[in-house]
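Report on one structure; see the data block that follows.
Start at 1 with the first residue, then count along the sequence. Computed from a prediction, not measured in an experiment: that's the story for all the values here. What you see below is based on every heavy atom in this structure, not just the backbone, and it leaves out hydrogens, waters and symmetry mates.
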Amino acid sequence: MLNNPDIKAGTNVLCVIGHPIEHSMSPIMHNAALKDLYLDYIYLAFDVPPKDLEKTVFGFKKHDIKGINTTIPHKERIMQYLDQIDPLAEKIGAVNTVKNVNGRLIGKNTDAFGAKKALIDAGCKIKGKKVLVLGAGGAARAISFSLSEEINEIYISNRTEKRAIELAKDLNDKMKITAIGKNSSKEMLKSLINEVDILINTTPVGMYPGVSKTPISKELLTNHLFVYDIIYNPLQTQFLKDASEIGCKTLNGLDMFINQGALAFEWWTDRTPNIKLMKKKIVEILGKI
Ligand SMILES: NC(=O)c1ccc[n+]([C@@H]2O[C@H](COP(=O)([O-])OP(=O)(O)OC[C@H]3O[C@@H](n4cnc5c(N)ncnc54)[C@H](OP(=O)(O)O)[C@@H]3O)[C@@H](O)[C@H]2O)c1
């Protein structure tokens, strides 16, 4: 029986940075997969306030930290400190995964891949469909850019309408699709829902601990929709409960989270992680919350 490598001077370090960071599930998921493959790596979490981002990134580069995940609020600002950015991440305007290649920091967006793969694996037909995205933040950008490779028409509805219009303009300009940004009033949502096949929540509304909240009231939903909520804590949000009660097909954010992590893992280590194990670990933790 092989033993997992002990932590030693040469152990490779991976990490996630965010602010706050204590609730991140990434260390649990990645360390389980690293241990499973007996890889000489460790994955840590660092709380990095925005003012410390630049010096932290340069410190990581100097100390040969092999890979970095970023979460709120660093996905956009980290880009200016990187040596190279993948073209899709550049278009999205956000990086959630960085690899240190011989002292050069390269950035990617694995959220985009993770979200689209989860939808496809759940049996959702994307090609040629019309999509409504609720929210216009980092996750909305990643999802709408990756889906724009397959679709021709997308609506963005956001509490702050200006941000929805800005994202739609970016999608029009960079992906050459019809994208329309709107506010998130009840009347607006009612009219947009009739136009689309896929409805995606990228706002934190309904996330733990505010689990009774929903981004769209139940009476606006109709059963022709495929409803996707990228929240994974809880696994079944009120939004998804409402949608499945009226007969919609639904998907939660767990597979997106696992997929983005698995792609980052493969990129850093050149090994394929045990996705079932990663998922099991997250579900165990969620069950305890
Ligand atoms: N499953 C996964 O792997 C995964 C990956 C990334 C993110 N996520 C989840 O996605 C969510 C958003 O993350 P993000 O990185 O996109 O955050 P973000 O950049 O801060 O964007 C948040 C978006 O939600 C809107 N919003 C926030 N609070 C709201 C409220 N009370 N009512 C209505 N709209 C509200 C914001 O609207 P304004 O523009 O008006 O502020 C903004 O459009 C989080 O719940 C996060 O956990 C999941």
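Heavy atoms of other residues, nucleotides or ligands lying less than 6.0 angstrom from NZ of Lys182 number 12 at most. Taking a 6.0 Å sphere around NZ of Lys62, one finds it holds 12 or fewer heavy atoms contributed by other residues, nucleotides or ligands.
Between the Lys99 side chain and the Ile106 main chain, no donor and acceptor come within less than 3.5 Å of each other. A distance-only check finds a donor-acceptor pair linking the side chain of Asp83 to the backbone of Leu105 [under 3.5 Å]. Proximity of a side-chain donor or acceptor of Ser217 to a complementary backbone N or O of Glu219 within less than 3.5 Å is not detected. At least one donor-acceptor pair closer than 3.5 Å links the side chain of Asn31 to the backbone N or O of Pro27. Put simply, the side chain of Gln260 gets close to the backbone of Phe257: a donor and an acceptor are under 3.5 Å apart. At distances below 3.5 Å, not a single donor-acceptor pair connects side-chain atoms of Thr160 with backbone N or O atoms of Arg163. Between the side chain of Asn158 and the backbone N or O of Glu161 there is no donor-acceptor pair closer than 3.5 Å. The main-chain N or O of Ala139 is never found under 3.5 Å from a side-chain atom of Asp111 such that the two would form a donor-acceptor pair. Using modelled atom types, no side-chain atom of Asp36 and backbone atom of Ala32 make a donor-acceptor pair closer than 3.5 Å. Counting only distance, with no hydrogens or angles, the side chain of Lys176 and the backbone of Asp173 share a donor-acceptor pair below 3.5 Å.
Between Leu14 and Ile42, the closest side-chain pair of non-hydrogen atoms is not below 4.5 Å.
Checked against a 6.0 Å centroid threshold, the rings of Phe46 and Phe60 count as neighbours.
Transitive grouping of hydrophobic side chains (ILVMFWY, heavy atoms separated by less than 4.5 Å) keeps Val95 and Leu88 in distinct clusters. Clustering ILVMFWY residues whenever any of their side-chain heavy atoms sit less than 4.5 angstrom apart, transitively, puts Ile180 in a cluster other than the one holding Val131.
The closest side-chain donor-acceptor pair between Thr97 and Thr110 falls under 3.5 angstrom. Defined by atom type and a distance below 3.5 Å, a donor-acceptor pair is present between the side-chain atoms of Thr237 and Asp229. A donor atom on one side chain and an acceptor atom on the other are found under 3.5 Å apart for Asn69 and Tyr43.
A salt bridge links Asp170 and Arg141; the closest N-O separation between the charged side-chain nitrogens and carboxylate oxygens is under 4.0 Å. Checked for salt-bridge contact, Glu149 and Lys116 meet the test: a charged N lies under 4.0 Å from a carboxylate O.
Scanning both residues, Gly253 and Tyr232, for their nearest heavy atoms gives C-CB, 3.7 Å. For the pair Cys124 and Phe226, the tightest heavy-atom approach, listed with the atom from each and the gap, is CB-CE1, 3.5 Å. Residues Ile154 and Ser144 share a closest heavy-atom pair of CD1-CB, 3.5 Å.
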Full working for side-chain contact (heavy atoms from CB on, under 4.5 Å) between Thr202 and Leu134: CA-CA 6 Å; Thr202 72; Leu134 308 176; 5.6 Å; no
Working for side-chain contact (heavy atoms from CB on, under 4.5 Å), residues Ile143 and Met256: CA-CA 10 Å; Ile143 291 175; Met256 171 179 172; 4.3 Å; yes
Salt bridge (Lys or Arg N to Asp or Glu O under 4.0 Å) evaluation trace for Lys280 with Glu284: CA-CA 6 Å; Lys280 182 172 161 268; Glu284 268 171 23; 3.4 Å; yes
Test log, rule side-chain contact (heavy atoms from CB on, under 4.5 Å), inputs Ile200 and Leu147: CA-CA 11 Å; Ile200 307 176; Leu147 294 186; 3.6 Å; yes
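Under the side chain to side chain contact (heavy atoms under 4.5 Å, CB included) criterion, Asp121 pairs with Lys117, sequence neighbours left out. Legend: residues meeting salt bridge (Lys or Arg N to Asp or Glu O under 4.0 Å) with Lys162, ordered by chain and number and at least two apart, are Glu166.
Using bins of under 30°, 30° to 60° and over 60° for the plane-to-plane angle, the ring pair Phe265/His30 lands in the parallel bin.
The distance from atom CH2 of Trp268 to atom CG of Asn12, rounded to the nearest 0.5 Å, is 12.0 Å. We find the NZ-CD1 distance between Lys130 and Ile151 to be 11.0 Å, quoted to the nearest 0.5 Å. Note: Met29 CE to Ile275 CD1 = 10.0 Å, rounded to the nearest 0.5 Å.
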